[in-house]
Amino acid sequence: MSNHPTIAVVGSGPIGSAYARLLLEGLPDARVIMFEAGPQLTDIPGESVRNIADPTEKARARERSQGPQAGDFRESLGIPGGTVVEGMFTARQGTHLFDFGGDGSAHAPTFPAAAAATNVGGQGAHWTCAIPRPAFSEKVAFIADDEWDDLIATAEELLHAQSAAFADSAVGGGIRSLLEEEFAGELPQGYGPGTLPVAGDPQPDGSMRWAGADVVLGPLIEAGDPLSERFELRDLTLVRRVEHDGDHVTGVTVEDLRTKETSFVPADLVVVAADAFRSPQLLWASGIRPTALGHYLTEHPVVISTVALDAEKIGRFATEDQLDEELARRASNPADPVAAVNRIPFSEPGHPFSLQVMYSENTPFPMPDDAPHAKNRWGYVNMGYGMRKFPRYEDAVTFDDAELDYRGFPNMTITYELTSSELEEIEAATGRLRRAGGALGVFVAEPRLMPNGSSLHYQGTMRMGDADDGTSVADPWSRVWGYDNLVVGGNALIPTATAMNPTLMSVAIAVRGARKAVEQLRADAAASVTA
Ligand code: FAD
C-alpha cells in the first residue's frame, strides 16, 4: 500500500463524483482517476444540460448522452442508428434504452423502459433534481438516526440542496393550498403538501441553475484549486474489467474509446459507480459474482398525469397580476419551463407514496391548438405518484457469458414483475392522484401507470446489508463482501422499498462509504510507514 494511493472511480455521475471529492478532501496524498465511458458535454464537466439556454445546443448535448446508439460516436463504434426513440413510452431525452432491439441489445420485455445516460455527469446531467429525504421505512435500519442525519446533511451540501425553490411563486403557493384543502386531516403533521427540495442554486432573476455532478465535484474542477491537481477525469474511457487477486483489487483495465487502445491502470482502491445495471454487469464481467448481484431489483412504479390549472380554483389564492408577473419572469428564461415544484412526501402508515407536483407553462407533450384546454392561461400541473416495489430475489438483471452485448459485456436480461403488494398501492395512489387533479383543475392527460423501468430510479442490484448472508452485495460501508478495497456506489445500494427520488439517499450512503475508505487508506498508509 502506497503513501500516495491511487483511486480509480468508474462513472462520473453524482455518486462517483461524491467519492472523488470526499476521498481527495480526506486524503492529502491521494490522487483520483475517474473513468467515464461517455463524452463530456459541457465546458464545465458534469453540468446539467437543463442550464444550456440554446435549444439546439441542449438537444445536441442530450443526443450525445444517448450512448453509442446516438450522436457523434455512433458510426465509429459500429452501433446501428435509429435505436433511440423519444416519447412517453421510450427513453427520456438524454437517455438510451437498454433493450433497444438492435444487435447486442439487452433483453427486458418485462422492464422495457430501462434506460441509462452515457456522458460525463451520467444521468445527473439530465435529472429533474428532486432530492427529498428518505423517511420512515425507506431508511436503512442498520444506520443509526444521528449518523444518518449527518450523512444526509453532508449529501445535501454536496448537491446544493434548496428546500424552498420557487417558494415565492404565488401560483405554486396556491397549488399547495388547494392540495392542503383536499387532503386536510389525512396526512401526519409535517408530511402534508410542501415545496419539493431540489438540487440547484436560485439565480437573482428567479430562475434556477440546476445542479449536476459539477457541483458535487466542486473544487476538483476549479482551475488552480490544489484538489484539482490530484484529480483526472478521462471521458470516453470504458472500464472493461476490475482486476483482482483473491480478495484484493489491483486496478482496472480500460479501453480508450477514441483510439481503441486497452491498458491497465493500477489502483489501491476501486469505486464502481456506473449505474444500477452497468455496475453489476462490470463486476460480473470481472468474475466478481456475489449471489445477490443483480437481484432484488426495485424501482418506483409511476402513475403520471397532466392537469390544466382551473382559473376559478387557483384564483382563490393567486391574482391575475401575480400570474402576469410569473409569465413575464418565465419569458426571460424560456429554456426552463418549470415554474414551481411541490410535493406530498412519503409517510407511514397512511401515505406510503411520493407525489411530485411540477407547475409549468406547457404540457410535456404536444397539444393541438384546438384541443380542449390548449394554451391554458394558468398553465399545467404535471403530477405523478412514485410508489414502492418490495424487494424480491427473482426481480433481477442477470448476465449471460455466452452472449455479448453491443459493448462486448455479458449481455443483460431483466426479469421483473409487479405483485399484488404493489398493485394495491398503485391503485390507492392512483385514487389520490385523481383527487389531487380534481382539486386543481381538469385532466388533459388521465392518470396512467408507466411501463416498468420508466422511473429511472433503479435500486437494489448491489444492495447493502449488515451480514454476508447472500442477500446483499455490499457491507454497511459499501464494500463488496469479501474484498477489502472494492467499493460500490449508486442507487443499486438501496436495500429498502422506497418511493422517494433516490439520489440524495445514494449520495448519503456514498458519504458513509467514502468516510470509511478514507479511514482505511489512512490506516494502511500508517501501517506501511511503521512496517
Ligand atoms: P449515473 O448518473 O447513471 O452515472 C453513471 C455513469 O457511469 C454514466 O455516465 C455511465 O456512462 C458511466 N459508466 C457506466 N459503465 C461504465 C464503464 N464500464 N466505464 C466507465 N464509465 C461507465 N433522481 C433523483 O433523485 N431525483 C430526480 O428528480 C431525478 N430525475 C431524473 C430525471 C431524468 C430524466 C433522469 C435520466 C434521471 C433522474 N434521476 C433523478 C436519477 C438520477 O439522475 C440518478 O439517481 C443519478 O444520476 C445516479 O447517479 P450515479 O452516479 O449512481 O449514476
Side-chain angles (χ1 to χ4, degrees), residues 8-20 33-41 45-46 48-50 62 65-68 91-96 113 115-134 155 159 196-200 210-213 216 233-242 252-255 257 271-283 285-286 299-300 302 338 341 343 354 356 358 384 386 407-409 454-459 462 488-494 498 500-507 509-510:
V9 174
V10 187
S12 66
I15 307 305
S17 300
Y19 270 103
I33 312 177
M34 176 180 272
F35 300 97
E36 169 53 56
Q40 183 170 325
L41 307 173
S48 168
V49 306
R50 293 169 69 194
R62 285 176 166 156
S65 311
Q66 292 168 173
R92 299 256 289 275
Q93 285 181 5
T95 68
H96 53 99
T118 302
N119 53 274
V120 170
Q123 291 190 35
H126 308 284
W127 67 324
T128 312
C129 295
I131 49 167
R133 293 179 181 188
L159 288 167
L196 176 69
V198 291
W210 299 104
V216 180
L233 167 61
R234 293 193 200 166
D235 77 342
L236 286 167
T237 306
L238 178 67
V239 175
R240 289 235 159 252
R241 267 182 76 87
V242 176
V252 287
T253 294
V254 304
E255 180 184 342
L257 295 177
V271 178
V272 177
D275 85 36
F277 291 109
R278 290 178 292 181
S279 297
Q281 185 187 38
L282 176 60
L283 296 192
S286 308
E299 69 148 349
H300 301 140
V302 186
V338 175
V341 288
R343 61 144 175 190
S354 171
Q356 192 163 310
M358 312 294 278
R407 304 192 307 171
F409 282 83
S454 299
S455 71
L456 298 161
H457 301 161
Y458 314 128
Q459 303 154 94
M462 300 189 295
V488 283
N491 304 331
L493 272 287
I494 296 176
T498 69
M500 89 291 148
N501 319 62
T503 309
L504 177 70
M505 179 166 184
S506 297
V507 173
I509 290 170

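One-based numbering, in listed order, for ligands and for the atoms of each. The analysis underlying the following values was restricted to heavy atoms, covering all of them including side chains, and did not include hydrogens, waters or symmetry mates.
A donor atom on one side chain and an acceptor atom on the other are found under 3.5 Å apart for T498 and Q459. Of the N and O atoms on the side chains of T118 and R278, at least one donor lies less than 3.5 Å from an acceptor on the other residue. Counted by atom type alone, Q356 and N501 present one or more donor-acceptor pairs between their side chains at under 3.5 Å.
Evaluation of the side-chain contact (heavy atoms from CB on, under 4.5 Å) rule for A492 yields A276, T461, M462 as partners, not counting sequence neighbours. In terms of the side-chain contact (heavy atoms from CB on, under 4.5 Å) criterion, residue partners of A20 (sequence neighbours excluded) are, by chain and number, V32, M34, L217, L220, F231. Not counting sequence neighbours, the partners of A285 by the side-chain contact (heavy atoms from CB on, under 4.5 Å) test are F409, P410.
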Does ligand 1 have any N/O atom under 3.5 Å from a protein N/O, and what are those pairs and their distances?
{"residue": "ligand 1", "atom": "2 (O)", "partner": "Q123", "partner atom": "N", "Å": "2.8"}
{"residue": "ligand 1", "atom": "9 (O)", "partner": "E36", "partner atom": "OE1", "Å": "2.7"}
{"residue": "ligand 1", "atom": "9 (O)", "partner": "E36", "partner atom": "OE2", "Å": "3.1"}
{"residue": "ligand 1", "atom": "9 (O)", "partner": "N119", "partner atom": "O", "Å": "3.0"}
{"residue": "ligand 1", "atom": "11 (O)", "partner": "E36", "partner atom": "OE2", "Å": "2.6"}
{"residue": "ligand 1", "atom": "18 (N)", "partner": "V239", "partner atom": "O", "Å": "3.0"}
{"residue": "ligand 1", "atom": "19 (N)", "partner": "V239", "partner atom": "N", "Å": "2.9"}
{"residue": "ligand 1", "atom": "21 (N)", "partner": "A37", "partner atom": "N", "Å": "3.1"}
{"residue": "ligand 1", "atom": "23 (N)", "partner": "T503", "partner atom": "OG1", "Å": "2.9"}
{"residue": "ligand 1", "atom": "25 (O)", "partner": "A130", "partner atom": "O", "Å": "3.3"}
{"residue": "ligand 1", "atom": "25 (O)", "partner": "P502", "partner atom": "N", "Å": "3.4"}
{"residue": "ligand 1", "atom": "25 (O)", "partner": "T503", "partner atom": "N", "Å": "3.0"}
{"residue": "ligand 1", "atom": "25 (O)", "partner": "T503", "partner atom": "OG1", "Å": "2.7"}
{"residue": "ligand 1", "atom": "26 (N)", "partner": "A130", "partner atom": "O", "Å": "2.8"}
{"residue": "ligand 1", "atom": "28 (O)", "partner": "C129", "partner atom": "N", "Å": "3.3"}
{"residue": "ligand 1", "atom": "28 (O)", "partner": "A130", "partner atom": "N", "Å": "2.9"}
{"residue": "ligand 1", "atom": "30 (N)", "partner": "T128", "partner atom": "N", "Å": "3.0"}
{"residue": "ligand 1", "atom": "30 (N)", "partner": "T128", "partner atom": "OG1", "Å": "3.3"}
{"residue": "ligand 1", "atom": "43 (O)", "partner": "Q123", "partner atom": "O", "Å": "3.4"}
{"residue": "ligand 1", "atom": "45 (O)", "partner": "N491", "partner atom": "ND2", "Å": "2.8"}
{"residue": "ligand 1", "atom": "45 (O)", "partner": "T503", "partner atom": "OG1", "Å": "2.7"}
{"residue": "ligand 1", "atom": "47 (O)", "partner": "G124", "partner atom": "N", "Å": "3.2"}
{"residue": "ligand 1", "atom": "51 (O)", "partner": "P14", "partner atom": "N", "Å": "3.3"}
{"residue": "ligand 1", "atom": "51 (O)", "partner": "I15", "partner atom": "N", "Å": "3.0"}

